S.K.: 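Take a look at this one; I'll ask things after.
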Amino acid sequence: MFSSSSSSSSSFFSSSSLQSRRARGRTRKRAWEGAAATNSALVVKTTPTTIVRNWVANRLAAAFSSSSSPQKMLPSEILMWVVTIVIAVVVMTTGLEPSNALVMAPRKLQGDELATVQLFQENTPSVVYITNLAVRRDVFTLDVMAVPQGSGSGFIWDKKGHIVTNYHVIRGASDLRVTLGDQSVYVADVVGYDEDKDVAVLHISAPEDKLRPLTVGSSSDLLVGQKVFAIGNPFGLDHTLTTGVISGLRREISSAATGRPIQDVIQTDAAINPGNSGGPLLDSGGNLIGINTAIYSPSGTSSGVGFSIPVDTVSGIVEQIVKFGKVTRPVLGISFAPDQSVEQLGVSGVLVLDAPASGPAGKAGLRSTKRDSYGRLVLGDIITSLNSQKVSNGSDLYKILDRCKVGDTVMVEILRGDKKEKVPVVLESRD
């Protein structure tokens, strides 16, 4: 039936008709290839019709480009031609229903998930990784080398290259490195810090197009139950995101460096691991509302509650550091005894241990604790109130001073022996 010597086959595969068919085949091949390229660039969904058409086009192109002589074609090859042409005619004329299309859709996310993903992607470039290096001398070679002694997170404050982080992240560093989101590393200089509030400002010389500052929000109108997001670099890994809610407001923690209280701290159940220190705490709009600073947990992990310094406190500190290189906070110029020691005396207040003559309290005449000629302890003045506000412990004293300014005159009420006195003191800045 498929004999190559039959007269009909010889007539069908004549030289002129074969060349004509091959030319038409090459034209169809180019057309189908162009259509396939257009579809792949513009069409989002893939349908069975498209799949079949592409298969037919490939089969016809392979057949028409074959260099084999038609007279030497095998019966199976001729049958393949016939089947391919029939399938092509059916698909081109009838097509398939659109309802049967195979849509390659992306993974579907809920609205809140999409918002979280977008928030992370938009704010991650603003979060940096900070490496704290200390100079150490090798005990064998005596060579001096920089050794990593800690790390933490930070974030870009402005286009001038200022980086904000926790003071305890950079404490004791002889050299600092800041890694941006694109993994570029810069040497950082310390502009200034406020160890009482655990805030530090660094500076890097990076191109402006690499610096994406966070949007600074407000911490004055936060509510318990509000959703928050903590971005950081815990354990030296890539950027991570933890979510939670505000579980408490107006908390108080102590500075790790000075023990001075930090008021109005934000409490959150978002996981704040050690490497998250110095990273931003964001609201659902992506606005900065705090700096992640501590985790209170018996195990030291994120199983407890986290604390963040409110952005309203941070903003004032950063502005002073950027402008003056330090924070001008008023002080009385005294050192005082631990609260437990005063409680044992059966009185309430702050016991003055030392009031240097060159300090504000010493100039005003406050007396220090000392020993007499017989070695007996003579107690100094006990501060019981400041500007008519009761002072029961050191924390109360710091809270009142934080609301004052350098140069203000405060009325200090003291207990000296069995008598109460009031002494005006002019507050000065700490050196």
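From a predicted model like this one, the values you see are computed outputs, not experimental measurements. Residue numbers start at 1 and run along the sequence shown. Atom set for the values below is all heavy atoms of this structure, side chains included, hydrogens, waters and symmetry mates excluded.
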S.K.: Going through the checks in order, is the side-chain contact (heavy atoms from CB on, under 4.5 Å) test met by Ile163 and Ile156?
M.R.: CA-CA 5 Å; Ile163 308 295; Ile156 300 172; 3.8 Å; yes
S.K.: Less than 4.5 Å apart, side chain to side chain, heavy atoms only: is that true for Thr384 and Val391?
M.R.: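 No, every pair of side-chain atoms sits at 4.5 Å or beyond.
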S.K.: For Lys159, look at atom NZ and say whether over 12 heavy atoms of other residues, nucleotides or ligands are found less than 6.0 Å away.
M.R.: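 Count over threshold, so yes.
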S.K.: Nearest 0.5 Å, please: how far is CG in Leu119 from OG1 in Thr243?
M.R.: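 Going from the OG1 atom of Thr243 to the CG atom of Leu119 covers 10.5 Å.
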S.K.: Report the distance from atom CD1 of Ile317 to atom CZ of Arg329, rounding to the nearest 0.5 Å.
M.R.: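 Between Ile317 CD1 and Arg329 CZ, I get 5.5 Å after rounding to 0.5 Å.
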S.K.: Starting from the C-alpha separation in whole Å, work towards a yes-or-no answer on side-chain contact (heavy atoms from CB on, under 4.5 Å) for Glu252 and Ile262.
M.R.: CA-CA 6 Å; Glu252 180 179 307; Ile262 306 174; over 6 Å; no
S.K.: Looking at Asp189 and His203, would you say the former's side chain and the latter's main chain have a donor-acceptor pair under 3.5 Å?
M.R.: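 Checking the backbone N and O of His203 against the side chain of Asp189, no donor-acceptor pair under 3.5 Å is found.
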S.K.: Could you report the tightest heavy-atom contact between Asp283 and Asn287, atom names first, then the distance?
M.R.: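 Nearest heavy atoms, Asp283 then Asn287: OD1-N, 2.8 Å.
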S.K.: Do the non-hydrogen side-chain atoms of Asp396 and Lys390 ever get within less than 4.5 Å of each other?
M.R.: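 A side-chain contact under 4.5 Å is absent here.
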S.K.: Less than 4.5 Å apart, side chain to side chain, heavy atoms only: is that true for Val228 and Leu222?
M.R.: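 Of all side-chain heavy-atom pairs linking Leu222 with Val228, none is under 4.5 Å.
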S.K.: As an exercise, state the distance from OG of Ser219 to CG of Leu288, rounded to the nearest 0.5 Å.
M.R.: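 Atom-to-atom, Ser219:OG and Leu288:CG are 9.0 Å apart.
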S.K.: Nearest 0.5 Å, please: how far is CD1 in Ile321 from OG1 in Thr328?
M.R.: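 It is 10.5 Å, given to the nearest 0.5 Å.
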S.K.: Going by heavy atoms in the side chains, are Asn387 and Arg403 under 4.5 Å from each other?
M.R.: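 Side-chain contact under 4.5 Å: no.
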S.K.: Hey, is NZ on Lys399 packed in by over 12 heavy atoms from elsewhere, all under 6.0 Å?
M.R.: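 For Lys399, atom NZ is crowded (more than 12 foreign heavy atoms under 6.0 Å).
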S.K.: Could you report the tightest heavy-atom contact between Tyr129 and Gly152, atom names first, then the distance?
M.R.: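 Smallest interatomic distance, heavy atoms only, reads CD1-O, 3.4 Å.
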S.K.: Could you tell me whether the side chain of Ser284 reaches within less than 4.5 Å of the side chain of Phe229, counting heavy atoms only?
M.R.: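 With C-beta onward as the side chain, the pair touches.
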S.K.: Does the Asp269 side chain pair with the main chain of Val245, one donor and one acceptor, at a distance under 3.5 Å?
M.R.: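 Side chain of Asp269 to backbone of Val245, a donor-acceptor pair under 3.5 Å: yes, one is there.
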S.K.: Where the side chain of Asn292 meets the backbone of Pro280, is there a donor-acceptor pair that is under 3.5 Å apart?
M.R.: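 It does hold such a pair.
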S.K.: Per the side-chain contact (heavy atoms from CB on, under 4.5 Å) rule, which among Leu415, Asp339, Thr369, Ile383 passes with Leu351?
M.R.: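 The side-chain contact (heavy atoms from CB on, under 4.5 Å) with Leu351 is passed solely by Thr369 among Leu415, Asp339, Thr369, Ile383.
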S.K.: For Arg251, I'd like to know if atom CZ has over 12 heavy atoms of other residues, nucleotides or ligands within 6.0 Å.
M.R.: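 Result for CZ/Arg251: enclosed.
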S.K.: Does the side chain of Pro360 come within less than 4.5 Å of Leu332's, by heavy atoms?
M.R.: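 Counting from C-beta outward, Leu332 and Pro360 never come under 4.5 Å.
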S.K.: With rounding to the nearest 0.5 Å, note down the distance linking CG in Leu282 to CD in Glu122.
M.R.: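 If I round to the nearest 0.5 Å, the distance is 11.0 Å.
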S.K.: Under a 3.5 Å cutoff, is there a donor and acceptor pairing between the side chains of Asp198 and Ser255?
M.R.: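 Ser255 and Asp198 do not have a side-chain donor-acceptor pair below 3.5 Å.
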S.K.: Before giving the answer on side-chain contact (heavy atoms from CB on, under 4.5 Å), spell out for Val410 and Leu401 the whole-Å C-alpha distance, their side-chain angles and the decisive distance to 0.1 Å.
M.R.: CA-CA 9 Å; Val410 295; Leu401 289 175; 5.5 Å; no
S.K.: Do Tyr193 and Arg171 make a side-chain contact, defined as non-hydrogen atoms from C-beta onward lying under 4.5 Å apart?
M.R.: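 A side-chain contact under 4.5 Å is absent here.
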S.K.: Does Glu113, at its CD atom, have more than 12 non-hydrogen atoms belonging to other residues, nucleotides or ligands within less than 6.0 Å?
M.R.: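 Counting other residues, nucleotides and ligands, CD of Glu113 exceeds 12 neighbours.
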S.K.: Which heavy atom in Lys363 sits nearest to a heavy atom in Ala357, and how many Å separate them?
M.R.: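 Closest approach of Lys363 to Ala357, heavy atoms only: CG-O, 3.5 Å.
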S.K.: Please check: side-chain N/O of His239 versus main-chain N/O of Pro125, any donor-acceptor pairing under 3.5 Å?
M.R.: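 Such a contact is absent between His239 side chain and Pro125 backbone.
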S.K.: Determine, step by step, whether Val423 and Asp381 satisfy the side-chain contact (heavy atoms from CB on, under 4.5 Å) criterion, reporting the C-alpha distance in whole Å, the side-chain angles of both residues, the deciding distance to 0.1 Å, and the verdict.
M.R.: CA-CA 11 Å; Val423 181; Asp381 294 332; over 6 Å; no
S.K.: Given side chains that start at C-beta, do those of Leu176 and Asn132 come closer than 4.5 Å, heavy atoms only?
M.R.: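 They are in side-chain contact.
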S.K.: Applying side-chain contact (heavy atoms from CB on, under 4.5 Å) between Val352 and each of Ile334, Ile382, Val412, report the one that passes.
M.R.: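 Of the listed residues Ile334, Ile382, Val412, the side-chain contact (heavy atoms from CB on, under 4.5 Å) partner of Val352 is Ile334.
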S.K.: For residues Ser368 and Leu353, report the shortest heavy-atom separation together with the two atoms involved.
M.R.: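 Reported closest heavy-atom pair: CB-O, 3.4 Å.
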S.K.: Heavy atoms only: give me the nearest Ala270-Gly244 pair and the separation to one decimal.
M.R.: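 For Ala270 and Gly244, the tightest heavy-atom pair comes out as CB-N, 3.9 Å.
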S.K.: Shortest non-hydrogen contact from Ala271 to Thr242?
M.R.: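 For Ala271 versus Thr242, the nearest heavy atoms are O-OG1, 2.9 Å.
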S.K.: Just how far is it from atom CG of Leu249 to atom CG of Leu223, taken to the nearest 0.5 Å?
M.R.: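 That separation rounds to 7.5 Å.
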